[in-house]
Amino acid sequence: MSPTTTTAPREPPQPLSDADIIRLAQSCSPIPSFLLTTSSHQTLLSYLTSRSQSSSPSKPVSDYTLSLLSLISLSPQTHSLSTLLSSVLLSYTHLFTSFRIPHDPNSLKTIQFFHTLLPYVPTTELPQIVEPIVSFLPQIVDSENAQILDLLPRCFNLIRNAEEIEGGGRFVNSVIDKILGINWSKGLVSKMVSIVRDFPVLDKTRALEFVEKVFVGMSSLDLQDLPSLVYQLLVLASKGFVKREVIEGIVTFFGSKMGSKASSIVRQVEGTVLLHVNFAVKQDPSLGQEVMGLVRSDLRAFNHFTVAVLLSVSRVRKFGESSMGALKIALLTAYRDYKFVEDCKWIPDDMKEEYLQNVKVVEKAMLRAVNESNYGREHIVPSILEFSFLLLESMEGGNQKDPCNSSGLLGIEELAIQMLKALFEAHDMARNEIIEQCKFRILSLKPEQSMSIIRLLGNLVQSYPYPMLEHVSRMKELLDYFTFMHGKVAAEVVSVLLPLIKFSRDLQDYTILVMRKAMFRREDAVRLAATAAVIDLIVADKQSKRDDPLSFQESSSQASSSQQSEIRYSVGGGLFQELSGLLQRCLYQQANVKEVLYHGLVKLVLVDPSSGRAVFDFLLPHFLQFFKEDEDIQLQINCCVKSESGKAYIGEPLHCLLSCISWMLLLQPHGKTEQALESSWACLGFSLSQENEAGRDSSVDSFCTAFLKIRKSLRNQNLEGIFGQTQDPGSASVEEDKRKCCSLVLSGIIEVVLNAIATELEKATDGKKLDLEKELIEFVDLHDSLDKDTGFSRQSTVIRRGNPRTSPHDVPNNMESSHSKVTQGRISFFATSSIYQILQTVLKLLNTDNHNHVAASQNNSQLTCKTSKCCSKMICFVLNASLSRIKSSSVLQNDDPLRALIYGEIKVLGPPLLKLIFLLTSRPRMVSNQNKTEAKGKKDVQEQKEHLHLALICLKELIMICSRTSHLTGLLEDMVSISTLQHAGLDNESETISIIEDQHTRSKELFILKTLKPLFSELLALSFFSEVEIICDMILIIGGKLPCKLSNSHGAWAISVCKSNEILNSKVGKSLVTLAICLSSPPNDLITCQDMARALLQVIGSEGNVPMKVSEVYPIVNHLTSPTINSCILHIIEAIIVDMDWAIKKLKTFSLVSQKSIHLSQNIEQSLVLALEENLYARAEAVVKVLSSFASMSLNNTQAEILLRFCARFYKHLAQMSKLRIAPKGCKQIFPSLKFLKLVEKHQENANTRGMINKIKRENRCIPELIFQIEDYEKYLIQLSKVCKVNLLRHAKRSTARDFRIITNNINREDPPGQEPNQDNSNAVENESGEDLGDTEGDNDGSEHILSPESNSPLVAGDSGSDNEDGDGLPSAKRLKRSNRVVQDSDDEA
């Protein structure tokens, strides 16, 4: 209705009561004249006051106010009505804020009506309305009290834009500051979030304060209010309101503050919030980018809710891969960083602990996110499944063993397996997909990657056998591809399914069917895998009956009705009898298949000794094909070798068969009653009649008799008699190959016999021992003559004088062959206990030989020579056997039944090996003294030296193997207890040892002091340099595991050796220098490097200085050792430069976090960051000092090129460090620390790249790279000098190290007439790195003037801009443009 314009009444209008006002409003009457008079305002306001004083004022006040506003709204622009509106609003505000009227839906309706009329309120009156509302804020408790705040946003906008109010913007900002300065109740928090989007544009600072207030106040909100509040925050963020901080606050609040509340309601609330986040990301993809950016930039934002958010966001198609990638990178980064700081010596210990805690937090966050996935967040289950498999795929080969497991961490693979196991247990709907993905990935991935998936499948079978029974059909589908899998994969699949097979007869029968088919395949790898799988099936069947014969009946009570049909109840006949026909086929396969079979049969008898007789019966007919008891040559070794296409090969591994028989005879039960034996045969379905019993005994007796006859015949026959005459002579080469194959078989048989003799020797009486020892010596002699006769040694691990480090061929690769499980588990011909007994025999013989050397006269030395020769063969044999055993000790898995039988405790070899080393160390001097007049003396010494070398390699390998397990301490303690050597400084260090409480540390320290250092001194005195090198390696291995204080003491000892001994052997020199540096803790390690570098400078020489032959301070640095020590130190410096790269990246990350983050900034450990920064600068300063010595050396081209490459990388790091010191725009510039200033000063004092550049070819590409990095570094120094107002380049030296010289005369002559040369560009090229391109190096003052940031040089002006400008790229472009002006190289550089 349009208002009616009237003239002033002639008579005063009739006053209206409050009831009249309500009636007029309800009847839609025109505006009464009474309202248009200003005198009526007081009366109208009095009605409002009187109504508020009633007992129930809500409706009376609301009805009257709404009626009055309805009439005013007819013509709100009228001056009198707008004034009345202002008065009514102010009065109502006072009533509301003073709690004189209820805060209910009626008041809300009234306030909303006021909100629509706010534009008509005089703007000058608005501040008076805002002030009481703001004053009321501390009294707001719930959302009803906050109704009045709906007026604030529109009031702010009107005041800010009003021309009538001077400084309206300042008033609004002051009010907002006042709001931000008070404490917010839960009602105020919710209301402020809902109205802030209507506020005038807030600046970044106030917006950040607002967000911080919201997240502080969220802790007081009711749980059911949180999802709606988060949704409103996400709406704000999607409109650009401090987007990153909102996301950061949400994940921090629910991940940290709410993280301790693990109730089901909290989880449901978090699930609802996740759905809101997922929806918000779909509407605004930039929110998803913020989530991923937050995780990438700061790992401290990583918590269980962050994981859930990323997994939820990954359900959005656009962010599927990127979200998973961000989560994977964060996880892998946590592990990599911890591994780095654990190995890096100069990282502060507090930071190492922080990174360890980071990894633990990450692991707990991942597992918690999975465990809580069934609380309103089922939509992330597919993402969890996909991510877990993504982690498993990242594991390849031997990488599955994480190096951080010793710290109580799960590791990547175990974490992924635990996540999938939790998912499998919690979500029935996920089980099908998990099994399907396992099947798909096993078949499609590379063998190295699929091994992790197979281990997952094995964990599921072990932990959840009954649920897995429901997926037997899928397991069958997987087995269908058995013949198409990699051999290793195929064997492992069957192995992990064995626990499930015992519950499902159907799966067992199907597996056997698949194996039968595989036996007929042409591929060797398939047949090998099938043979191993069949053996594993039989062994698993025996184990299940042995461990719990009633397991099937007991376990079936736990299965569901749908699984009852899958569980078999029979405990009758064994699988060996059932599959004997299939195993019989293996005896007609290739030799490697037979080896697998023999290995498996030993395992079977070990698990169930009662089955041994059946196995003997199985093998006897096959064995008799190669053993003819009634012939002169009983052992038909020639029949084991075949030839085809001109090549000979082993058709029957008779040595493996005899080893199998030997082990099974050893494992036969002794002293068992006939009843026990009869019960074992009854289990196989036989009744023991006299005929059966005779047959049962015949096979065992036949093998025992045959083995004894073989043992006797080998002693009595020579090689020709054993091999027999060739019946069908062919070509000479084929016959030679056949003889070598026969030798290989016979060598293995001899080792089997030696193992049996050593086993008997362990239990023999004194009288019997002498005969056995004599027999042992004879067989070792036969073994040695066999090797010499054929020129072929079966011992692939014999190391005479080579590199003591393990070669790649010594330890088999996991994926080296298709049957690696079988090949790696290949039966060993020696038990560890047998090698131990042979070592004891050797020690006894060696002591006897030493006694004979002393007692025998020169005229009666025939016996002595014979004994020495015998000892030599025994030592060589047992050391080769020991080394082979030690290196292969990690082949069998820990749960393999044969491990305890064959390998036992490998550490028992340590003490006898050490005793042998002690005897061999003293023996060369004694042999030399006894034979000093004989030419044979040198040969004997050399032979003993080789034995000592091999013994030390064995000891080193043993220490390396035990250091990866918990057996190292026991090994060292056993060896220390027998040590008889004395070290010169042992008395002085006894006090230090006595205060060591930790048993592991004490044993390491004692072994170094009482064994290794005395050995080092003795071997160095004997000039046994290769052996000294091995001793140094052992000291480094053990000393590296000691605490810093003890490690430093050994480093100081190595330094003293370097200063007191002139060693001319380069390898020993390198080992000692490595020992001195690596066992010294920072900063001592680089101080030692500096001293060594100065000594190298004296020996190698520099320009104008004559090189010395031997360093005065470090005699170990001489003209023979200097090249090796040079490369050694450079290698250490390279490792330090790589470490610096990691530290710089972390400092950059810390800097970015501190600049952008609000909620996490309070948790940043500034002290740790500062400590890392100071350590980095200290390391860089030390590297400068080391490289400065190398820069002055007269290096050859190759060495100089390597040094230049290191320098270029180092200058790159210096540039990055300098850039980090420059504060970004909007941040306060911090003055550089004293460490940084000292680093810059030291670098400029020691920088000398000119000498290096002049020493190598001009066209080498290292030079431009180095020059670029130097100039980039100095560019940032100039920028930092400008912002810090300090000249950081005051110590810089001018240099002529350039590839060209600019001749100014030519430049001026070539400029066109009338055109001035481009002086700015010339200066830019000349001074771009702060260096002069002139001929001389003088005029240091001029250099300071040019490089000073206060100067007006074009470089300073050019560098004052953004880092992204192309100023640092000008030199190469301008040189190309003016290439015609470069007429000659510098004379100094020619």
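Model, not experiment: these values are computed from the prediction.
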Donor-acceptor pair, side chain of [X] and main chain of [Y], under 3.5 angstrom:
| X | Y | value |
| --- | --- | --- |
| Ser888 | Ser884 | yes |
| Gln449 | Leu392 | no |
| Lys345 | Ser1080 | yes |
| Ser659 | His655 | no |
| Ser495 | Glu492 | no |
| Ser463 | Asn459 | yes |

Taking side chain as C-beta onward, heavy atoms only, is [X] less than 4.5 Å from [Y]?
| X | Y | value |
| --- | --- | --- |
| Val878 | His947 | no |
| Pro912 | Leu843 | yes |
| Leu761 | Gln840 | no |
| Leu913 | Ile886 | yes |
| Cys1032 | Thr1074 | no |
| Ile1030 | His949 | yes |
| Trp1053 | Leu1079 | no |
| Glu973 | Thr969 | yes |

Working for side chain to side chain contact (heavy atoms under 4.5 Å, CB included), residues Ile1031 and Met1034: CA-CA 5 Å; Ile1031 295 292; Met1034 286 191 280; 3.6 Å; yes
Pair His783, Glu751: side-chain N/O donor-acceptor within cut-off below 3.5 Å: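 Side-chain D/A pair, His783 to Glu751: present.
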His1000 versus Lys1041, side-chain donor and acceptor atoms under 3.5 Å: no
Heavy-atom pair with the smallest gap, counting every atom of [X] and [Y]:
| X | Y | answer |
| --- | --- | --- |
| Leu920 | Ala951 | CD1-CB, 4.4 Å |
| Ile978 | Phe918 | O-CE1, 4.0 Å |
| Glu342 | Lys352 | O-NZ, 4.2 Å |
| Leu367 | Gln418 | CD2-CB, 3.8 Å |
| Thr1001 | Pro1043 | CG2-CD, 3.6 Å |
| Phe829 | Asn755 | O-CB, 3.0 Å |

What distance do [X] atom [atom1] and [Y] atom [atom2] have between them, rounded to the nearest 0.5 Å?
| X | Y | atom1 | atom2 | result |
| --- | --- | --- | --- | --- |
| Met960 | Leu968 | CE | CG | 12.0 Å |
| Arg885 | Cys954 | CZ | SG | 12.5 Å |
| Ile953 | Leu883 | CD1 | CG | 7.0 Å |
| Thr1011 | Leu972 | OG1 | CG | 8.5 Å |
| Leu839 | Leu846 | CG | CG | 11.5 Å |
| Leu391 | Leu332 | CG | CG | 7.0 Å |

Working for side chain to side chain contact (heavy atoms under 4.5 Å, CB included), residues Asp349 and Glu353: CA-CA 6 Å; Asp349 291 337; Glu353 181 63 27; over 6 Å; no
Ser833: side chain to side chain contact (heavy atoms under 4.5 Å, CB included) partners, not counting sequence neighbours: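 Applying side chain to side chain contact (heavy atoms under 4.5 Å, CB included) to Ser833 gives Glu762, Ala831.
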Non-neighbouring partners of Val496 that pass side chain to side chain contact (heavy atoms under 4.5 Å, CB included), sequence neighbours left out: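 Val496 satisfies side chain to side chain contact (heavy atoms under 4.5 Å, CB included) with Ile454, Leu457 once adjacent residues are dropped.
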Side chain to side chain contact (heavy atoms under 4.5 Å, CB included) assessment of Tyr598 paired with Met664: CA-CA 10 Å; Tyr598 301 151; Met664 289 193 301; over 6 Å; no
Lys421, NZ: over 12 other non-hydrogen atoms inside 6.0 angstrom: yes
Full working for side chain to side chain contact (heavy atoms under 4.5 Å, CB included) between Ile838 and Val780: CA-CA 10 Å; Ile838 300 176; Val780 170; 5.7 Å; no
Test applied, side chain to side chain contact (heavy atoms under 4.5 Å, CB included); reference residue, Ile1077; option that passes from Leu1072, Ile1132, Asn1084: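 Between Ile1077 and the candidates, side chain to side chain contact (heavy atoms under 4.5 Å, CB included) is satisfied uniquely by Ile1132.
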